[in-house]
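Have a look at the structure below, then the notes.
Everything quoted here is computed from the prediction, not taken from an experiment.
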Amino acid sequence: MKARLSTLMHFLAGDAQADRVVPPTGYTARLTVFAAASMAFLAVFALALSLATGRLADSWGDALAKSSTIRITAPLDQMDAQVLAVMEVLATTPGVKDARPLSDDEQRALLAPWFGPDLPLDQLPIPKLVEVIEDAEGFDPEGLRARLAGEAPGAILDDHARWREPLVRAATRLRALGLVAIVLITALAGVVITLAASAALSANEQVIRVLRLVGAQDNYITRAFVRRYTLRALGGAVVGTTLGALAIFLMPSVGDQGNFLTGIGFQRWEWLWPALIPLFAALVAFLATRQTAKNVLQEKR
Amino acid sequence: MIELEQVSYGYGDTTLLSDISLQLAPGSFHFLTGPSGAGKTTLIKLCYGALIATKGRVSLFDRDAQQMSRDDVAKARRRIGVVHQDCQFLDHLSVAENVSLPLTVSGRSLADPSELDDLLAWVGLSTQRDAKPPQLSGGERQRAALARAVVMSPDVILADEPTGNVDWEMSLRLLTLLVELNRMGKTVLIATHDMNLIRSAKAQVQARVLRISNKNVHQAGADL
Ligand SMILES: Nc1ncnc2c1ncn2[C@@H]1O[C@H](COP(=O)(O)OP(=O)(O)O)[C@@H](O)[C@H]1O
Ligand SMILES: [Mg+2]
């Protein structure tokens, strides 16, 4: 890998003379630049998607792991007894790490967005909430429900975060899909550049014949084509990546990373990833063109 | 330099050249004649490793051409200047760049850049040095091809109908250039069906004339 990178750098840096022998313009040339730019653009989004869904899955997964709620609905005079009963049940339920009734202040805070801050909680038949924190194993929700039904008929287990479970799974899947998309885009870049290079090589059959006639070795001919295509892919990918990154950067942000759509983007060091795309594209082009040139030359004498 | 031992060559089922033995000794001057389609071009291609003999052995500088890698053949070609019958150039480069292409691909350059000007003047292309090959006439292309063939100062020069498209005066000039190179010790082989050219060469240089007939080469007598 290191050796390859240094050869790559050698190609990029020097011997501008070598690629003079390949005609400068052509259909496949523009095609290569365009393909590299488009795929870099797409790669930026696939990366952003993967990173965003990754973050989402992580934060939702954390919330999911932590808590459920038990809602106790009872006449005011029975409320305290039921809360006590629930706490007793929870104390003997395996998988429960911690349980705690929410204080009135906390409940008021929860309801404030809907009813304002001055809610007279103690005069209203508002259900009482108990937060349940699971341990690593978790509890069996059906078993707990059955026991609650016996001990505290007004208590309802609301494993509220569990509704997110399919979403977390979806987010995890989405991240995997994003990674698959990146792999596919890379493979596609390789394929397109290989096709463009072999089209260029056969379009330049005459060039190769002349170079052979005057005593050019395989390396010289390969280098001429490889340098062309590596530079084209690099140039195209820089443009595509820049546009893609710009588009992501300009995405309207609500500043809330929990929101999936607005969470798409790169944070701090994550900007390194898109910056690597052009280098990677150049590497793919380098390898693809070199292999193609080798194959084509193999058939000639 | 270049040696053919009982070499045969054919396309598909047809045998074009059969059991040919031929030696291009250092400093020798050969003409190769024969009717169109006899296999002159094919024989020349065998001599610089562009074609592989179907039978027999072709030696390029004492090495079996069949055993040589492509890169070895490429290196051998730097010592063989070839004027191809349908002179091929890189059309996007200038005449001067095309003529110095053998130097470019082997990473060399002329000791004195004015040598290129001299060479172009020799073949009468001084004013066309920056033109592109498609702008040249047939004769100018052949002269450019000859200049390219000799720019590396090769040991062997193989010229396939080098005077095919040029007038008599220019033919003589090109011939003089080749004779001059031969006097400097280069091995020269010219394929041509121009008997006048052969005759005027014989006045200047000790040349052997080989004729292809019946799939083989025969030394032509004094019956020219
Ligand atoms: N690739 C090929 N396949 C089949 N026949 C060929 C091929 N190249 C040349 N020939 C045939 O071989 C014969 C000799 O060709 P060539 O060596 O060019 O003759 P010359 O140079 O003496 O005119 C011709 O009849 C030509 O048609
Ligand atoms: Mg011919």
Side-chain angles (χ1 to χ4, degrees), chain A residues 7 10-11 13-30 32 197-229 231-232 289-301, chain B residues 44-46 48-53 58 60 65-66 68-94 97-109 132-134 141 144-145 147-152 154-156 158 160:
Chain A
T7 345
H10 172 76
F11 276 120
D15 208 3
Q17 188 60 34
D19 68 350
R20 285 261 296 136
V21 300
V22 181
T25 54
Y27 185 55
T28 56
R30 270 165 285 158
T32 312
S198 49
L201 282 161
S202 38
N204 288 307
E205 186 134 33
Q206 156 96 347
V207 171
I208 296 174
R209 208 170 325 124
V210 172
L211 290 175
R212 277 240 167 281
L213 184 70
V214 299
Q217 292 183 318
D218 281 8
N219 258 343
Y220 186 89
I221 302 174
T222 307
R223 194 159 61 217
F225 282 93
V226 166
R227 188 166 186 277
R228 264 284 150 78
Y229 278 84
L231 288 178
R232 274 175 196 156
T289 317
R290 200 176 57 159
Q291 196 52 49
T292 314
K294 276 189 177 163
N295 292 346
V296 169
L297 291 176
Q298 213 81 56
E299 296 158 9
K300 294 191 168 28
R301 186 155 170 110
Chain B
I44 283 187
K45 284 184 175 171
L46 286 166
Y48 67 89
L51 293 174
I52 295 289
V58 176
L60 306 181
Q66 197 165 4
M68 290 165 78
S69 70
R70 283 198 314 284
D71 280 351
D72 286 340
V73 172
K75 274 192 198 141
R77 278 186 198 167
R78 295 174 186 178
R79 302 175 62 186
I80 307 176
V82 180
V83 181
H84 212 269
Q85 189 171 10
D86 41 297
C87 337
Q88 295 159 333
F89 297 101
L90 298 185
D91 289 344
H92 63 287
L93 297 182
S94 71
E97 286 171 318
N98 268 288
V99 167
S100 45
L101 197 60
L103 296 164
T104 312
V105 301
S106 55
R108 284 180 233 177
S109 56
K132 299 278 151 67
R141 289 169 69 84
R148 184 179 65 188
V150 302
V151 74
M152 289 275 274
D155 298 325
V156 183
L158 305 175
D160 194 0

Please rank His84(B), Lys75(B), Gln88(B), Arg148(B) by heavy-atom pairs under 4.5 Å with chain A and give me the top one.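 Option with the greatest count: Gln88(B).
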
What part of Arg79(B) gets closer than 4.5 Å to chain A, counting heavy atoms only: side chain, backbone, both or neither? neither

Given that the side chain runs from C-beta out, which part of Phe89(B) has a heavy atom under 4.5 Å from chain A: side chain, backbone, both or neither? backbone

Short question: side chain of Asp71(B), backbone of Asp218(A) - any donor-acceptor pair under 3.5 Å?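 Confirmed, Asp71(B) side chain pairs with Asp218(A) backbone.
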
List the steps and the verdict of side chain to side chain contact (heavy atoms under 4.5 Å, CB included) for Leu211(A) and Leu101(B). CA-CA 8 Å; Leu211(A) 290 175; Leu101(B) 197 60; 4.2 Å; yes

Residue pair Gln217(A) / Ala74(B): nearest heavy atoms and the distance that separates them: CG-CB, 3.7 Å

Quick one: list whatever passes salt bridge (Lys or Arg N to Asp or Glu O under 4.0 Å) with Arg78(B), sequence neighbours left out.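 Expected list: none.
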
Run the side chain to side chain donor-acceptor pair (under 3.5 Å) test against Gln291(A) and tell me which residues pass, sequence neighbours left out.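 Side chain to side chain donor-acceptor pair (under 3.5 Å) list for Gln291(A), sorted by chain: Asn295(A).
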
Sort out for me which residue in Val214(A), Val210(A), Ile221(A) forms a side-chain contact (heavy atoms from CB on, under 4.5 Å) with Val105(B).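 Only one of Val214(A), Val210(A), Ile221(A) forms a side-chain contact (heavy atoms from CB on, under 4.5 Å) with Val105(B), namely Val214(A).
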
